Each structure stands twice: as C-alpha cells, then as structure tokens.
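Structure first, commentary second.
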Amino acid sequence: MASTEEQSNVNDVMVAPASGETQQLLKNQSQKSIEESDEENKMFWQKISIYQVYTLIIFLITYLLNQLDRYMLAITIKPMSQELKFGDMDCMLLSNYSSNDAISDGAKCEDAKDTKSCFAKTYGNGSEAINPCKWDYNGQGFEYQIVAGPVFIVIYTFAGIFISFAADKYNRKVMLGACLILWSVMTLLTGFIKEYWQLVLLRFGLGFGEAGCTPFVASMLTDIYPTELRGTALGIYNWGIYMGYSLSYALGNLITAANINGQGWRWSFFISGIPGILMGLLIFVTVKEPERKNASMQSEQKDTQSEQPKASVCQRLGTILKPFLAPSLMLAILAGSVRNAAGYVFAYNTQPYFTGIGQTKEDIAKYMGWIPIVGGSLGVAVGGFISDRVVKGRGIYARVVVVIFSLLVAAPFAAGTLFLSPPWAYICQIPTYLFGEMWIGITLAIVVEMIPSNIRTSAVAVYLFIISNIGGNMPLLVPPIQQAFENGGYTKSQSLRGALYILYPGLYVAGAVLFIPAMFLLKRDQKRMQFMEYVNMQDSSKALGKMPGEANPAYQDSEKPPTN
C-alpha cells in the first residue's frame, strides 16, 4: 500500500494543470487507445476491406505469372535442347513408341551408356526386331543448370537490390507494372530463339524484370495490411509460387505434347508471356500506391537528411545491410536459404526425374498440374495463419517453431517421392508441399518485422538476394553428384535419384537444424527490443506527466529483458 507522502506526490502529478499542448497530446493518446482497443476486438475478417482483397488477388496473379514464366524452361527443356543442340546427350525412347511395350520386352533405352549400346537395344525377334531408341539431347547437364540457375539468379538478385533502392523512394506500383511487362516480353521472345546464346540473354532479361516483383509487393502488402494479418497476407501471396509452378506443368506439358506445327515448346512461351503484359496495364490503372507506414517518422528523417550531404550508393547499401549483421536474422536467413535450395533443386529436376523413370508428359501434367497448387497453397496460407496466432503474446521467435516442425514433418514425404513408384511418388508430394512450404511466408514475415520500415523494400531485396543465390545456384551440384553415382556403376536415372536424395529431403533436415539456434537468438533479440521500447515509453510518459509505471505496467514487476 502506498505511503501518505507517496500518495500526495501522485495527487500532485495528477492534479497539476497541464498546458494546452499536453492536454491535446493526452486526448489524442486516449482516443488512439480506444480505437486500438476496438480494432483488437474485431474478428480478423472484419478488419479486411474489399480493396485489400482486390490488391491481394492482383498481387497473387502477378506472382503466378512470375513463376509460370520462370519454370516454363524446366518443362520445355528437352524439346528445346534437341532443337537448339545443347546440354548432355542420352539414350531415350523414340516419341512414336510406347514406353510400356519397350520395357516389357527388355529394351530399356535409359540403361544404355553410349551410342553403340543405345542402337543395340531392340525388342521383338529376328527380322521383326525393332530398335525403339535414339541418342539425342536429354535436357540435362551443366549447360541447362547454368541457364536455369546462375544466368537467371545473378541478374535477378543484384537487380533486385538496386531496383528496390528506388522503390523506397518512388512509386512502387508503377515499378511493379513495368517489371511485369518487361519479364512477360522476355518470355514471349523466348519462343523465337534459334541459338543457345539467345536463350542466355533472354534469361538475363527475365531475371531483371522478375527482380522487381516480391520486393515491391511485400513492401506494399506490409503497408496495406495490419500486423496481425501480415503473415496471412504474405502467405496467400505466396500461393502464386505453386499456382504458377503447377500451371507451367499443365500448360507446358500439354502444349509440347500437342506439338502444334512441330513447335510445341515455342507455343508454350508465346501463351505464357501474353497475360503478363495485360496484367501490367491493369496494375497501372487500378492499383493505388499505398501510404507508407510510419510516414511521419520517415518525413522527419528526410527533413534531417536534407540538411546533410546526400548519401552515396555505398552509404545507402551500408544502412540497408546493417540489420542483417544481427546473428539471429543472419542465421534465420541462412536456414531459409538452405530450405530454398531444396526447392530449386527439385523444381528444375522434377521433369527430368519423372521422365527418366518412364513417365510421359501427360502423366506428369496429370499430377504435377494440381498437386503443388493444393499442397503448396495450403502450406503457406496455413503456415502464415498459424504463425500469426502463435506469435500473439509470444513474439517473433515463435514463428520459427512452426517452421522447424513443418520441415521435419515434410522431409520423410520428400524422400518418399524418390523412393516410391508412381502414383505414390506423386501422392507423397501433397504432404511435402503442405508442410514443407510453410517456411516461405513465415520467414518473410520475420524479415519485414525485424527491419525498419524506411528501408523495408530494399531489405526484402537483400533477403531475396541471399536466399536466391544460395538456393538458386545449388542445382549446379546435381551434375557432379550425379556423375559420382554414375562412376559407381549406376544408370543416369538412378544417379539423378541419388543426387536428389541428398539435395532434396536432405536439405529439408539441414534447414530445420539451422532454424533451431536462430529461434533462440531471435528470442534474445526480441527481449532486447522490448526493453528498449519500454525505456522509450518511460521517457515519453515522463514528458507527458505520467507516473513511470503507467507506460507499460507489464514491466513494473516482471523480469526485465537482458541488456548485455
């Protein structure tokens, strides 16, 4: 119970006349508290406007087209490499023969390791013996991995950082629409190429255009949606990955199988490139540039900076990179990069793997045309929703618990895809996507919550730079690992399966292990941030004439976060 003297001091503070400015500040703060309380009492669906839903759908379709155009190469690579003459050569079944007939009579083309043994494969007897095999480009090898990975990733990641510099200052929706039109034009032009070097140049252009997608969208969604819905919004946005990826299988395989005028793979690029041009124009007309969060704080910073010499690119880059030096964020991004690598490896080798075990284009399209949409979309949405619920009252580190659990559950199913025969191999992809893709929206939410709002777009670009360079270049390890298995006497299809065991479910487990120390570091950093916020609120309270404990009663008698 308070002493008489203490109570007298409290009364003096409470009845002391306040200036007009102080009274207005107290009134505004009281009104803000009431509004925040009313807002918190609403159900989450009551906090969403029609325009918020509309913009999320527009951004979702944009990301769908982003992934469709990116992975169309992986689906059409075999007929493309045979026409353009690049990559590895292999023994394969002629298109006018049935795989089942050939295998039933022992003519397994994929078992042949050179031209001579390939043409020696026959089925039938005597004069009726037929060779169903051909020695041709198989759409695999170092040249394919280079154009699928580094050629695209290098420009994609570097351009993303410098494009985002402008996005923190200029109109983001205009830049997003322009980038969408650019990469769509690059996709359309890919249908006209005649040489391998032309493919390399257009992949560079595709990477430059797609570099502006997620940094702009993540920044705008952060400003459009409140904190408690941010993880869910980012998760739904990331449905575009699986929708576009699945659509590339459905569209690419069906069109190449139809082989329109003998140019099926070219038509795949024509058809996938046109919608993006139209969507870019729609963004220009219907989407509004959202007001940036903490705009008043940023304007104060601009006023202060206007009195100082303009920061150079190196200084600007240093400001953006500084938050990434925190061990917690650094380790969380490294863990996400390792998980991202598993996705890149399997995405660019799914078609070669299933083709190598005797699956037709129609078989692959039948399953992979819908499984990533269902499993992956549910995974990121559920992951974002769960992490938003778990983080409430616990903090950012709680999001990582969801990621660790999901990756460890998904890894056995990823291994099952490689171990089991179709259709069970395809069915294993459903839980793999459902659990294994939760990390995307959650990790992105961690990054945007740990980064100051005035550099958020650039910071997201740096984040994508890191995870894309580590993950996107990991497929380069497939050819040497595959070669090591081949040197041990395994066939090409068996060797590819061995490489994928290491770089697919293996990296799921590695990512989960790295997320564990990141979780503890994030918990420590969160306590430090809460303590600093508490100190700042105490200072603000004193300025407004409040008692020190009123700023944050939760900290009055509770354990204070460590300051060391």
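If you're wondering where the values come from, they're calculated on a predicted model, not measured in any experiment. Values below: every heavy atom of this structure, side chains too, minus hydrogens, waters and symmetry copies.
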>> With a 3.5 Å distance limit and no angle check, can you tell me whether D363 reaches the backbone of Q359 through a side-chain donor-acceptor pair?
In response: no
> Within the distance-only criterion (no hydrogens, no angle test), does the side chain of R203 pair as donor or acceptor with the backbone N or O of V147 below 3.5 angstrom?
Replying inline: yes
> Would K361 and I75 count as a side-chain contact (heavy atoms from CB on, under 4.5 Å) if you check the C-alpha gap in whole Å, the side-chain angles of each, and the deciding distance to 0.1 Å?
Replying inline: CA-CA 9 Å; K361 290 183 176 68; I75 312 305; over 6 Å; no
> Would you say the SG of C133 sits less than 2.5 Å from the SG of C118?
Replying inline: no
> Is the distance between the ring centroids of F354 and Y426 less than 6.0 Å?
Replying inline: yes
>> If we ignore hydrogens and angles and just use 3.5 Å, is the side chain of T432 paired with the main-chain N or O of C428 as donor and acceptor?
In response: yes
>> A side-chain contact here means heavy atoms from C-beta on lying under 4.5 Å apart; do L408 and Y508 qualify?
In response: no
> If you look at every heavy atom in Q145 and P475, which pair is closest and at what distance?
Replying inline: OE1-CB, 3.2 Å
> So, Y196 versus E143: side-chain donor-acceptor pair below 3.5 Å or not?
Replying inline: no
>> Contact between I470 and L334 at the side-chain level, heavy atoms closer than 4.5 Å - yes or no?
In response: yes
> Short question: side chain of S406, backbone of V403 - any donor-acceptor pair under 3.5 Å?
Replying inline: yes
>> Any heavy-atom pair between the side chains of L65 and S184 that's under 4.5 Å?
In response: no
> Are the aromatic ring centres of Y245 and Y249 under 6.0 angstrom apart?
Replying inline: yes
> Shortest non-hydrogen contact from S268 to T256?
Replying inline: OG-CG2, 3.8 Å
>> To the closest 0.5 Å, what do you measure between OG1 (T157) and CG (N469)?
In response: 3.5 Å
> So do D90 and D136 actually touch side chain to side chain, heavy atoms under 4.5 Å?
Replying inline: no
> Does a side-chain N-to-carboxylate-O contact under 4.0 Å join E83 and K194?
Replying inline: no
> Passes side-chain contact (heavy atoms from CB on, under 4.5 Å), M92 versus Q82? Steps please.
Replying inline: CA-CA 12 Å; M92 61 195 74; Q82 290 176 357; 3.4 Å; yes
Which donor-acceptor pairs under 3.5 Å do side chains of residues 410-417 form with protein atoms, sequence neighbours excluded?
from: T417; atom 1: OG1; to: F413; atom 2: O; distance (Å): 3.3
from: T417; atom 1: OG1; to: A425; atom 2: O; distance (Å): 3.4
from: T417; atom 1: OG1; to: Q429; atom 2: NE2; distance (Å): 2.9

> Does R497 use its side chain to pair, donor to acceptor, with the backbone of L418 at less than 3.5 Å?
Replying inline: yes
> Near Y490 OH, under 6.0 Å, is it more than 12 heavy atoms from other residues, nucleotides or ligands?
Replying inline: no
> Taking the six-membered ring for Trp, are the ring centroids of Y71 and Y348 within less than 6.0 Å of each other?
Replying inline: yes
>> Before you tell me yes or no, could you show the steps for L206 and L202 under side-chain contact (heavy atoms from CB on, under 4.5 Å), namely the whole-Å CA-CA distance, both residues' side-chain angles and the distance that decides it to 0.1 Å?
In response: CA-CA 6 Å; L206 182 75; L202 290 176; over 6 Å; no
>> Could you check whether atom OH of Y344 has more than 12 heavy atoms from other residues, nucleotides or ligands sitting under 6.0 Å from it?
In response: yes
>> Using 30° and 60° as the class boundaries, would you call the ring planes of Y63 and Y237 parallel, tilted or perpendicular?
In response: parallel
>> Show the nearest heavy-atom pair for residues S272 and L251, with the distance to one decimal.
In response: CB-CD2, 4.3 Å
> Atom CG of L201 and atom CE of M186: how far apart are they, to the nearest 0.5 Å?
Replying inline: 10.0 Å
>> For E486, is there any backbone N or O sitting under 3.5 Å from a side-chain donor or acceptor partner on S495?
In response: yes
> Taking the six-membered ring for Trp, is the centroid-to-centroid distance between F192 and F270 below 6.0 Å?
Replying inline: yes
>> Test your reading of the model: is there a side-chain donor-acceptor pair from R339 to the backbone of A512, 3.5 Å cut-off?
In response: no
> If you count the non-hydrogen atoms of other residues, nucleotides and ligands that lie under 6.0 Å from CZ in F405, is the total more than 12?
Replying inline: no
> Has the side chain of Y353 got a donor or acceptor atom that lies under 3.5 Å from a matching backbone atom of F346?
Replying inline: no
> Between S246 and I373, is there a donor-acceptor pair closer than 3.5 Å when you use the side chain of the first and the backbone of the second?
Replying inline: yes
>> Could you report the tightest heavy-atom contact between I241 and Q67, atom names first, then the distance?
In response: CA-CG, 3.4 Å
> Cut-off 3.5 Å, side chains only: do W183 and N66 have a donor facing an acceptor?
Replying inline: no
> Between N253 and Q351, is any side-chain donor less than 3.5 angstrom from a side-chain acceptor?
Replying inline: yes
> Can you name the nearest heavy-atom pair linking L503 to I481, along with the distance?
Replying inline: CD1-CD1, 3.9 Å
>> Can you tell me how far apart CZ (F465) and CZ (F158) are? Round to the nearest 0.5 Å.
In response: 4.0 Å
> Do we get R70 above Y156's six-membered ring, with its NZ or CZ under 6.0 Å from the centre and within 45° of the axis?
Replying inline: yes
> Distance-only, no hydrogens or angles: does the Q198 side chain make a donor-acceptor pair with backbone N or O of E195 under 3.5 Å?
Replying inline: yes
> Are the side chains of L496 and P352 in touch, meaning some heavy atoms are under 4.5 Å apart?
Replying inline: yes
>> Can you confirm whether the side chains of S337 and N340 place a donor and an acceptor under 3.5 Å from each other?
In response: no
> side-chain contact (heavy atoms from CB on, under 4.5 Å) between M279 and I58: does it pass, once the steps are laid out?
Replying inline: CA-CA 8 Å; M279 183 58 65; I58 290 292; 4.1 Å; yes
